[in-house]
Asks: 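I have a structure I would like to understand better, so I am pasting it below and will then ask my questions one at a time.
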Amino acid sequence: MIDLSHFSSFFVANWKLNSSFEFINNFVSSLNIDKSTKKCVSICAPYIYLNHLQVKRKDFYLGAQDCSCFEGGAYTGEVSAKMLNEVGTSFCIVGHSERRQYFNESNKIIKLKAIRLIENNIIPIICIGETLEEKNNNKTQNILKNQLDESVPESSNQFNTIIAYEPIWAIGTGLTPSLDEIENAHRYIKKLNKKFFNFKIIYGGSVNSKNSKPISKIDIVNGALIGGASLNINEFNQIIR
Ligand code: PGA
């Protein structure tokens with residue numbers, strides 16, 4: 001497992017259901033990671049491209065976007081944490097709102113996935129966040145608390161797990177919370193449970209080259225989970241710069 005304490009910040013590209021060999025070749029050849037900084041860059045690609053990315057690897061860490069909650073057996077179509085470890089995966093997103101919404105993933109399933117990942121030396125990036133309706137009804141804190149209580153396993157700690165705060169209404173919409181709202185949510189998570197105080201917590205939701213700087217200047221924001229803007233190598237290079 002990689003040592004999270006070694007890094008100052010984390011920039012995680014979530015390519016979702018995008019990419020191709022041609023896209024990857026262009027992306028990796030233009031990717032510009034400053035070796036003199038302690039920034040950790042991870043690319044979470046569709047499973048089928050992980051091996052190709054591994055071969056092309058250039059100072060970034062391989063990430064997946066999901067994994068099975070099962071260890072192995074008769075589960076057609078699944079990919080286990082052990083298999084992800086075998087191809088060199090260091091990080092894996094779990095509980096992304098798209099998985100919760102379109103694939104009916106519950107906190108219980110997300111927790112099982114995080115357990116499997118930790119057992120296999122992969123850092124789960126556990127996503128939590130509220131809908132716009134929940135935000136408007138002042139339910140953000142309740143939602144975050146419930147998601148954290150139910151989806152973060154006992155075995156999680158500051159060294160083996162990252163939390164991603166991703167307000168659902170900010171994902172892919174071009175909308176972002178104010179800097180104060182981001183800071184408050186991160187502060188709330190840290191205070192919720194003594195154990196979370198030293199966790200790395202990253203922000204996700206419409207991060208781009210313009211807003212990434214002010215967001216990452218908030219001292220309790222440890223980086224970003226980047227969807228749409230991670231598909232544009234110029235944007236992504238500017239974000240990680
Ligand atoms: P976005 O996606 O940057 O396109 O909003 C973020 C995410 O879904 O992780």
Asks: Kindly determine whether Lys111 and Ile126 satisfy side chain to side chain contact (heavy atoms under 4.5 Å, CB included), including the steps that lead there.
Replies: CA-CA 9 Å; Lys111 183 178 188 169; Ile126 302 177; over 6 Å; no
Asks: Are the side chain of Arg100 and the backbone of Cys127 linked by a donor-acceptor contact shorter than 3.5 Å?
Replies: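 Indeed, once roles are kept as given, a pair shorter than 3.5 Å links the two residues.
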Asks: Side-chain polar contacts of residues 196-204 - donor-acceptor pairs under 3.5 angstrom, sequence neighbours left out - could you list them?
Replies:
residue: Tyr203; atom: OH; partner: Gly205; partner atom: O; Å: 2.8

Asks: Nearest 0.5 Å please: distance from the CG atom of Leu31 over to the CD1 atom of Ile240.
Replies: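 It is 5.0 Å, given to the nearest 0.5 Å.
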Asks: Checking Asn138 now: which residues fulfil side chain to side chain contact (heavy atoms under 4.5 Å, CB included) with it, not counting sequence neighbours?
Replies: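 In terms of side chain to side chain contact (heavy atoms under 4.5 Å, CB included), with neighbours along the sequence ignored, Asn138 is linked to no residue.
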Asks: Determine whether more than 12 heavy atoms belonging to other residues, nucleotides or ligands lie under 6.0 Å from atom NZ of Lys190.
Replies: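 Counting neighbours around NZ of Lys190, more than 12 heavy atoms of other residues, nucleotides or ligands fall under 6.0 Å, so yes.
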Asks: Tyr61 and Phe7: aromatic ring centres closer than 6.0 Å?
Replies: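 Centroid separation for Tyr61 and Phe7: below 6.0 Å.
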Asks: Ignoring hydrogens, what is the shortest heavy-atom contact between Ile122 and Ala81? Give both atom names and the distance.
Replies: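 For Ile122 versus Ala81, the nearest heavy atoms are CD1-O, 3.5 Å.
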Asks: Measuring from Leu4:CG to Ile123:CD1, what's the distance to the nearest 0.5 Å?
Replies: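 These two atoms lie 4.0 Å from each other.
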Asks: With sequence neighbours left out, what residues match Asn137 under side chain to side chain contact (heavy atoms under 4.5 Å, CB included)?
Replies: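 With neighbours one apart ignored, the set is Glu133, Lys139.
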Asks: Which of these passes side chain to side chain contact (heavy atoms under 4.5 Å, CB included) with Ile128: Ile143, Ile110, Leu148?
Replies: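 By the side chain to side chain contact (heavy atoms under 4.5 Å, CB included) criterion, Ile128 pairs with just one of Ile143, Ile110, Leu148: Leu148.
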Asks: Ring centroids only, cut at 6.0 angstrom: are Trp15 and Tyr49 within range, meaning strictly under it?
Replies: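 Ring-ring flag for Trp15/Tyr49: false, centres at least 6.0 Å apart.
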Asks: Would you call the rings of Phe27 and Phe236 parallel, tilted or perpendicular, where under 30° means parallel and over 60° means perpendicular?
Replies: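 Tilted.
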Asks: Hey, could you give me the OG1/CZ distance between Thr161 and Phe91, rounded to the nearest 0.5 Å?
Replies: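 It is 11.0 Å, given to the nearest 0.5 Å.
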